Amino acid sequence: MKILVCISKAPETTTKIAFTDGDTKFDENGVKYIVNPYDEWYALVRGLELKEANGGTVTTVTVGTSEDDATIRKALAIGADDAVRIDAKAEDAYQVATEIANYAKKEGFDLVLLGKETIDYNGSQVGGMLAEHLDLPFISLASKLDVDGSTATLDKEIVGGVQTVETNLPLVVSCAKGMAEQRIPNMRGIMAARSKPLKVVEASNPNKNTSFEKYALPAPKSEVKLIDPEDMDQLVELLHNEAKVI
Amino acid sequence: MSVLVYINSNGEKIAKNALEAVNYGKKIGEVTVVTNGKASDSSLAELGKYGASKVLIDRSFEGIDEQQVTRMVATAVESTGAETIIFSNDLVGKAVAPRLSVKINAGLVAGATAVPESNGTIAVNVFSGKAFGYVKVNTDKRIISLLPNSIQVEEVGGEASVEEFSGNAGESVITIKDTKMPEGDIPLPEAELVVSAGRGLKGPENWGIVEDLAKELGAATACSRPVADTGWRPHHEHVGQTGVAIRPNLYIAAGISGAIQHLAGVNGSKVIVVINTDEEAPFFKAADYGVVGDAFEVLPRLTEAVKKFKASN
Ligand SMILES: Cc1cc2nc3c(=O)[nH]c(=O)nc-3n(C[C@H](O)[C@H](O)[C@H](O)COP(=O)(O)OP(=O)(O)OC[C@H]3O[C@@H](n4cnc5c(N)ncnc54)[C@H](O)[C@@H]3O)c2cc1C
Ligand SMILES: Nc1ncnc2c1ncn2[C@@H]1O[C@H](COP(=O)(O)O)[C@@H](O)[C@H]1O
């Protein structure tokens, strides 16, 4: 089975968010990048488990610049066989999905795994766009994925519950919690990652359908109102009359 | 301007986030709604109240196979000439809107939190709710998916006309094997009131006081990540950056420290109440109301107070 896992980088989760250039750019000063947690913990690890059970290969793909190579090496250290970087700065979901689709069409994959969303722009867009480009079914927010021959069985989140669905490969899946457990790379993996192939391919530079023009930080919360722990009637009264939420 | 709104009408009752999407569309232009399934004509006509002029219903398929829904909406875009297409950014919207974006080459604004600004840009949450970004669409047509709970639903009109519609949805390649809906629970992403607890509760055997309060309020229950990871509570209750992001009217957090990754999933809540023994807990900085106290005493007391309040109102 040929598996492709889409890997993106994201600012470390405790990053303080600030903007520069008249609030038109994310301030990357001192920001540490990690592999987007959903891509690493769920998509990549499940891909590796399926490979371990059924044989095959796991390739990662990233649309990014050489600045992304460190996060790509981390994915290789966890166990991917090889990596591809499509050489362009990722700025728009349509751009990213189109680049990955062009690459995936050429190579042909049985399974394409993505994270549920990137934790910086939180779009949840790339998976659906990629599936439409490839004219494949897309199972979003899957918490379980098993493959038997050419049949895939998945659990996916639906409003108010979970649905088990079945469909045929090839398939695009976005991965959420439950799919797999985080794997910490060991020393051997880290050493091996240094010599694994990281191929850089030229971008096809499609249109960018959207752009971020400006950013803003939310207004700071006003001071917390402290309530006497003995007097919960007062809290209920405030929630009813002042906050008007009950 | 001609606006097309997709709603999922397969439930027994049309969901609040669908009404929000219709309402939002009305703020932009003349609204046609497209949907599929078995909703009754009269319940669809009711969408007029929220701003729809016309409802197109495709009764040839019931499911929410995203490829089928995408084809149907694309057909409706064609037949109505809509320039703006609206979805709710719910589970269906998240899977269909990106597909449609490629199919009809329309830029997608995912998770809009407000109506378009006068310069045409649209606000979305970025960095897990820690900031806003303003998105410009560079294509002629645009798709907006609206973050649930971002606008107040208003009644603005009368009845909508309802027309049968053939969306050329094609066949589904997905077979549904099983659907599990936990009985009696309020689904977390839709809940208006949420009671949540963290490691401060010490163990799963102590969750009774959390559930009692939730039951009294008619609230859903949630938890911090370590609580779900250690199996004290089911995974779907985990809120935060790597769990579910929620925007209820009221979020009550007991025994949760308020780590930045936790806040990322709940900072869209309208009102936050924090109960913690440690007055230095970071969560108090994000709270509207704070109770410095022991959750084991405060939660039951709060449940009693709610009971009393309900009895006298
Ligand atoms: C990449 C990454 C992603 C993460 N994603 C998430 C996420 O999505 N969601 C999430 O929640 N966390 C997430 N975390 C974990 C997060 O950093 C915190 O570790 C976690 O939120 C802490 O959970 P907690 O508040 O329940 O526990 P603790 O931090 O242990 O806090 C317990 C609190 O309970 C209080 N307390 C103790 N006894 C009582 C009592 N009797 N009554 C009242 N209060 C009491 C304490 O004062 C303390 O403030 C993530 C971490 C990382 C690194
Ligand atoms: N620049 C990128 N390169 C490769 N994959 C990406 C990139 N951006 C996003 N993805 C993948 O698409 C998923 C959803 O991203 P998003 O649509 O941005 O929320 C992520 O979890 C990744 O798996």
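For clarity, every value in this text was computed on a predicted model and none was experimentally measured. All chains are named by letter (A, B, ...) in the order of the sequence lines, taking the proteins before the strands, and each is independently numbered beginning at 1.
With a 4.5 angstrom heavy-atom cutoff, B:Lys285 touches chain A only via backbone atoms. For B:Ala15, no part sits under 4.5 Å from any heavy atom of chain A, backbone or side chain. Residue contact with chain B, scored on non-hydrogen atoms closer than 4.5 Å, involves the side chain of A:Lys116 exclusively. Of the atoms belonging to B:Leu188, not a single heavy atom falls under 4.5 Å from chain A. Heavy atoms of A:Tyr94 lying under 4.5 Å from chain B belong exclusively to its side chain. Heavy atoms closer than 4.5 Å to chain A are found in the side chain of B:Val124, but not in its backbone. With a 4.5 angstrom heavy-atom cutoff, A:Phe212 touches chain B via backbone and side-chain atoms both. For chain B, the nearby part of A:Ile17 is the side chain; its heavy atoms alone come within less than 4.5 Å. If you measure heavy-atom distances from A:Glu237 to chain B, you find no contacts under 4.5 Å at all. Neither the backbone nor the side chain of B:Val274 comes within contact range of chain A; no heavy atoms are under 4.5 Å apart. Contact of B:Glu190 with chain A is made through the side chain alone, with heavy-atom distances under 4.5 Å. Contact of B:Asn313 with chain A is made through the side chain alone, with heavy-atom distances under 4.5 Å. Using a 4.5 Å cut-off between heavy atoms, A:Leu130 does not touch chain B at all. Within the 4.5 angstrom heavy-atom criterion, atoms from both the backbone and the side chain of A:Pro218 approach chain B. For A:Asp23, no part lies under 4.5 angstrom from a heavy atom of chain B. Contact of A:Leu141 with chain B is made through the side chain alone, with heavy-atom distances under 4.5 Å.
A side-chain donor-acceptor contact under 3.5 Å links B:Tyr289 and A:Glu242. Between the side chains of B:Gln261 and A:Thr13, at least one donor-acceptor pair of N or O atoms lies under 3.5 Å.
The shortest side-chain heavy-atom distance between B:Thr121 and A:Lys214 does not fall under the 4.5 Å cut-off. Side chains of B:Thr179 and A:Val162 form no contact here, defined as non-hydrogen atoms less than 4.5 Å apart. Using a 4.5 Å heavy-atom threshold, the side chains of B:Val135 and A:Ser211 count as separate. In this structure, A:Lys16 and B:Ile260 have side chains that are not in contact, with every pair of non-hydrogen atoms separated by 4.5 Å or more.
Taking A:His133, A:Lys244, A:Lys208 one by one and counting their heavy-atom pairs under 4.5 Å with chain B, the maximum is reached by A:His133. Between chain A and the options B:His238, B:Glu304, B:Lys270, the largest number of non-hydrogen pairs under 4.5 Å is found for B:His238. Of all the listed residues (B:Ala245, B:Gly293, B:Ala110, B:Ala106), the one sharing the greatest number of non-hydrogen pairs under 4.5 Å with chain A is B:Ala110. Taking A:Ser143, A:Ser140, A:Pro137 one by one and counting their heavy-atom pairs under 4.5 Å with chain B, the maximum is reached by A:Pro137. Put simply, of A:Glu157, A:Glu181, A:Glu223, the one with the most heavy-atom pairs under 4.5 Å next to chain B is A:Glu157. Annotation: maximal heavy-atom pairing with chain A below 4.5 Å, among B:Leu302, B:Val137, B:Asn249, occurs at B:Leu302. Across A:Thr15, A:Ile246, A:Thr98, A:Leu235, the residue that shares the most heavy-atom pairs under 4.5 angstrom with chain B is A:Leu235. Looking only at heavy-atom pairs under 4.5 Å with chain B, the residue among A:Leu238, A:Asn168, A:Leu154, A:Leu217 that has the most is A:Leu238.
Atoms CZ and OG1, on A:Phe138 and B:Thr70 in that order, are 10.5 Å from each other to the nearest 0.5 Å. Distance NZ/A:Lys177 to OG1/B:Thr242: 6.0 Å, rounded to 0.5 Å. How far CG of B:Asn138 is from OG1 of A:Thr210: 7.0 Å, rounded to the nearest 0.5 Å. Residue A:Thr153 holds its OG1 atom at 7.5 Å from NZ of B:Lys177, rounded to the nearest 0.5 Å. Atom CG of A:Leu239 and atom CG of B:Leu250 lie 5.5 Å apart (nearest 0.5 Å). Separation of atoms CE (A:Met129) and CG (B:Leu108) is listed at 5.0 Å; rounding is to 0.5 Å.
In terms of heavy atoms, B:Val292 sits closest to A:Pro229 at O-CG, 3.3 Å. Taking both residues in full, the closest heavy atoms of A:Ser124 and B:Pro98 are given as O-CG, 3.9 Å, listed atom of the first, atom of the second, then distance. Shown here for A:Leu136 and B:Arg99, the closest heavy-atom pair between the two residues is O-NH2, 2.8 Å. Between B:Phe127 and A:Pro11, the closest heavy-atom pair is CE2-CG, 3.9 Å. Annotation for A:Tyr38 and B:Gly243: closest pair OH-O, 3.7 Å, computed over non-hydrogen atoms. Nearest heavy atoms, B:Val173 versus A:Thr167: O-OG1, 2.9 Å.
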Could you go step by step and tell me if A:Gln163 and B:Asp178 meet the side-chain contact (heavy atoms from CB on, under 4.5 Å) rule? CA-CA 6 Å; A:Gln163 201 160 58; B:Asp178 188 24; over 6 Å; no
Going through the distances and angles, do A:Asp233 and B:Arg301 end up as a side-chain contact (heavy atoms from CB on, under 4.5 Å)? CA-CA 9 Å; A:Asp233 292 328; B:Arg301 218 174 273 149; over 6 Å; no
Give the C-alpha distance, both sets of side-chain angles, the deciding distance and a yes or no for side-chain contact (heavy atoms from CB on, under 4.5 Å) between A:Val236 and B:Lys308. CA-CA 10 Å; A:Val236 170; B:Lys308 219 161 72 189; over 6 Å; no
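Salt bridge B:Asp288/A:Lys225: absent, no basic N to carboxylate O contact under 4.0 Å. Contact check on B:Lys130 versus A:Asp120 returns no salt bridge, with no Lys/Arg side-chain nitrogen under 4.0 Å from an Asp/Glu carboxylate oxygen. Taking the charged nitrogens against the carboxylate oxygens, A:Lys156 and B:Glu66 do have a contact shorter than 4.0 Å, which makes a salt bridge.
Remark: A:Glu12 CD is packed, more than 12 non-hydrogen atoms of other residues, nucleotides or ligands lying under 6.0 Å away. Within a 6.0 Å sphere centred on CG of B:Asp140, other residues, nucleotides and ligands contribute 12 heavy atoms or fewer. The neighbour count for B:Lys16 NZ, taken as heavy atoms of other residues, nucleotides or ligands under 6.0 Å away, is above 12.
Side chain of A:Asn209 to main chain of B:Thr139: no donor-acceptor pair is present (N/O by atom type, distance under 3.5 Å, no hydrogens or angles).
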